[in-house]
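See below for the structure under consideration.
Hydrogens, waters and symmetry mates are skipped; everything else that's a heavy atom, side chains included, is used.
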Amino acid sequence: MPAQESDEPLFPLPLTPLETFFVLDEKESCPIVMLIELQFSTPLQLPVLQNALDETVKDHPLLACKLVREGERFFWHFDPDLAPLVLTNDDLPLTTGPADNPQTQPFNLFRESGCRFWYVPEETGSRLYVQLHHACGDGVGMRQVLVGTLTRYARATGDPECGKTSRKSSRSVPNPERLRDRNDFSELLSEPPKRSLTTWDRIRNAYYFHFQRPAVLSKPRGFGSASTQQAIESQAIGQPLRHVLFSKEESASIEKACSNASIRVNDLAIAMLFQTFEQWEQTHGGDKAIRYRVMMPVDLRSRRDLNLPATNRLSFAFLGRRKDQCQDIEALVSSVADEVVAIKETRVHMDFLDGLAAAVQHPRFMRWVIDKSRHMTTSVLTYTGDLSRGMKKFFPESDGQLQIGDAYLRNALGSPPAREGTNIALGICINWGQICISASWNRQAWDAATTDQFLQTYASNWRAWLKQRTTA
């Protein structure tokens with residue numbers, strides 16, 4: 001257990017309202033679990049990797065905790081024996097269920113920690129999958145764990161100085177004591193927002209969120225047929241994520257077009273998602289959908305949080321559009337870009353955390369509300385930006401790959417979890433100049449081929465927008 005800097009022991013540690021939400025929101029059929037896929041062009045040394053992970057978890061104690069319930073409250077209990085293992089499919093299958101609709105392994109947080117690593121050797125390299133329960137940490141926290149583990153692996157396999165030249169290295173050593181104030185946003189709120197929300201704004205937003213439910217994406221026509229099954233026959237069957245990657249040339253053109261239009265790639269990604277929703281429902285849902293909603297995570301970390309261990313330090317914003325607002329693509333892109341700016345300037349995303357803080361005081365009511373809000377959002381979209389740029393501070397680049405000791409990392413992909421009523425969740429990043437879109441899906445409603453079909457339509461809309469911008 002990490003050394004304590006307070007008279008009071010760090011554990012048992014009460015869950016924050018957001019962590020409680022992730023625990024109560026989970027269904028066994030839809031685990032609230034993030035998944036990262038690291039693609040290597042070389043094999044990895046498993047014992048060295050396990051040692052590196054063991055040392056990293058000492059900095060991030062929530063990854064070696066289980067849940068204990070006391071009355072209506074939940075607490076993290078630290079147990080070093082629960083530190084995550086690097087598994088193979090012989091230890092525990094990465095996925096279960098049919099190969100054309102692989103189901104990720106759920107967690108029982110009352111018996112085990114919420115993190116697993118899987119090593120999958122391949123003929124031309126290997127893959128490393130990292131599974132993290134959202135109650136234990138967010139995407140930034142997962143990145144901390146990955147960088148820490150890979151840095152220690154590199155130091156043990158030929159690069160003893162790995163990461164030591166990074167300017168952030170000394171300031172970003174995790175301090176477990178910081179977990180006590182992981183839900184303290186007083187510094188963030190000490191300055192007023194650039195734009196204030198009126199009482200009427202908050203009432204309108206609450207009504208929209210609770211009473212104007214978004215559409216649930218339909219199953220495609222012919223779902224489960226032989227033709228649908230055949231669509232993924234030649235692809236990587238049994239893998240828990242689906243991907244679409246733009247070429248480097250396409251990616252550079254998209255980024256340039258976004259810059260010329262004074263929008264961000266994230267703005268385009270959200271707008272194209274609304275367009276794809278409407279096209280999908282026109283084709284597969286009988287044109288019955290009325291409105292759509294995208295949930296967008298908002299990172300709440302500041303420079304002061306560089307030494308915060310892996311945890312949740314985020315909230316969520318919700319963007320919605322009616323079906324008639326998804327037709328004019330230029331207007332849609334522009335309105336999304338304006339709304340994302342407004343979200344940041346008004347800090348409307350803090351209302352979600354405020355609502356959870358109030359609800360957690362009434363546990364039975366909170367359970368009831370969560371159970372009734374299964375259709376919270378049509379999709380989730382997480383944009384992480386240029387992952388490779390951030391990792392270059394720790395690992396040297398060689399031939400378009402990152403050298404990590406004796407291993408070479410060629411790509412890093414990931415997706416947030418889907419949930420009941422949210423049939424697809426998307427993670428978008430830029431790696432070595434290439435825009436990558438990864439997806440997880442609700443296995444009770446869709447399968448891998450359906451997800452591929454949606455991703456292809458989504459990517460086609462990006463390309464159509466790019467063509468329109470470059471020929472205008």
What is the distance from atom [atom1] of [X] to atom [atom2] of [Y], rounded to the nearest 0.5 Å?
| X | Y | atom1 | atom2 | result |
| --- | --- | --- | --- | --- |
| L128 | E37 | CG | CD | 10.0 Å |
| I343 | M350 | CD1 | CE | 14.0 Å |
| L319 | I270 | CG | CD1 | 5.0 Å |
| E26 | L109 | CD | CG | 6.5 Å |
| I428 | S438 | CD1 | OG | 9.0 Å |
| C136 | K66 | SG | NZ | 14.0 Å |

Would you call [X] and [Y] a side-chain contact if the rule is heavy atoms closer than 4.5 Å?
| X | Y | value |
| --- | --- | --- |
| F22 | L15 | no |
| V244 | Y458 | no |
| P309 | R178 | yes |
| M296 | F318 | no |
| R202 | D351 | yes |
| V294 | T378 | no |
| Q105 | Q131 | yes |
| T457 | N461 | yes |

Kindly list each side-chain donor-acceptor pair under 3.5 angstrom involving residues 355-371, sequence neighbours excluded, with atom names and distances?
none

Contact summary for [X] and [Y], nearest pair of heavy atoms:
| X | Y | result |
| --- | --- | --- |
| N442 | T422 | CB-O, 3.8 Å |
| L241 | G414 | CD1-CA, 4.2 Å |
| F40 | A407 | CD2-CB, 4.1 Å |
| K58 | E55 | NZ-OE2, 3.1 Å |
| L314 | L18 | O-CD2, 3.4 Å |
| L44 | Y119 | N-OH, 3.1 Å |

Are [X] and [Y] close enough for a salt bridge, meaning some N to O gap below 4.0 Å?
| X | Y | answer |
| --- | --- | --- |
| D138 | R301 | yes |
| R204 | D201 | yes |
| R127 | E122 | yes |
| R313 | D305 | yes |
| D25 | R419 | yes |

Between [X] and [Y], does any side-chain donor sit less than 3.5 Å from a side-chain acceptor?
| X | Y | result |
| --- | --- | --- |
| T450 | D447 | yes |
| S218 | E281 | yes |
| Q444 | N423 | no |
| N307 | N175 | no |
| Q212 | Y207 | no |

Stepwise, does the side chain to side chain contact (heavy atoms under 4.5 Å, CB included) test hold for H77 with C65?
CA-CA 5 Å; H77 278 238; C65 285; 6.0 Å; no
Axial cation check for [Y] ring with [X], 6.0 Å and 45° limits:
| X | Y | answer |
| --- | --- | --- |
| R443 | W441 | yes |
| R347 | F185 | no |
| R293 | Y208 | yes |

Check the pair N411 / C436 against side chain to side chain contact (heavy atoms under 4.5 Å, CB included), numbers first and verdict last.
CA-CA 9 Å; N411 218 337; C436 310; 4.1 Å; yes
Is the distance between the ring centroids of [Y] and [X] under 6.0 Å?
| X | Y | answer |
| --- | --- | --- |
| W446 | F454 | yes |
| Y129 | F117 | no |
| F11 | W76 | no |

Is there a donor-acceptor pair closer than 3.5 Å between any side-chain N or O of [X] and the backbone N or O of [Y]?
| X | Y | value |
| --- | --- | --- |
| S113 | A64 | no |
| N51 | V48 | no |
| R69 | G71 | yes |

Walk me through whether D91 and T88 qualify under side chain to side chain donor-acceptor pair (under 3.5 Å).
CA-CA 5 Å; D91 301 316; T88 67; 3.2 Å; yes
Are more than 12 heavy atoms, taken from residues, nucleotides or ligands other than K323, located less than 6.0 Å from that residue's NZ atom?
yes
More than 12 heavy atoms of other residues, nucleotides or ligands under 6.0 Å from CD of E70: is that the case?
yes
Identify, with sequence neighbours excluded, every residue that meets ring pair (Phe, Tyr, Trp, His ring centres under 6.0 Å) alongside F316.
F352
Please list, chain by chain and in numerical order, all residues satisfying ring pair (Phe, Tyr, Trp, His ring centres under 6.0 Å) with H243, sequence neighbours excluded.
none
T104 and side chain to side chain contact (heavy atoms under 4.5 Å, CB included): which partner among C30, P31, P417?
P31
Quick one: which of H133, H134, R182 gives a side chain to side chain contact (heavy atoms under 4.5 Å, CB included) with E19?
R182
With sequence neighbours excluded, residues passing side-chain hydrogen bond (donor to acceptor under 3.5 Å, both in side chains) with S335:
R321
So, using side-chain hydrogen bond (donor to acceptor under 3.5 Å, both in side chains) as the criterion, who are the partners of Q325 when residues are at least two apart?
none
Side chain to side chain contact (heavy atoms under 4.5 Å, CB included) evaluation trace for R116 with V130
CA-CA 6 Å; R116 300 189 187 107; V130 185; over 6 Å; no
Would you please name every residue forming a salt bridge (charged side-chain N to carboxylate O under 4.0 Å, His left out) with D354, sequence neighbours left out?
none
Can L300 and L353 be said to form a side chain to side chain contact (heavy atoms under 4.5 Å, CB included), step by step?
CA-CA 11 Å; L300 301 179; L353 294 184; 3.7 Å; yes
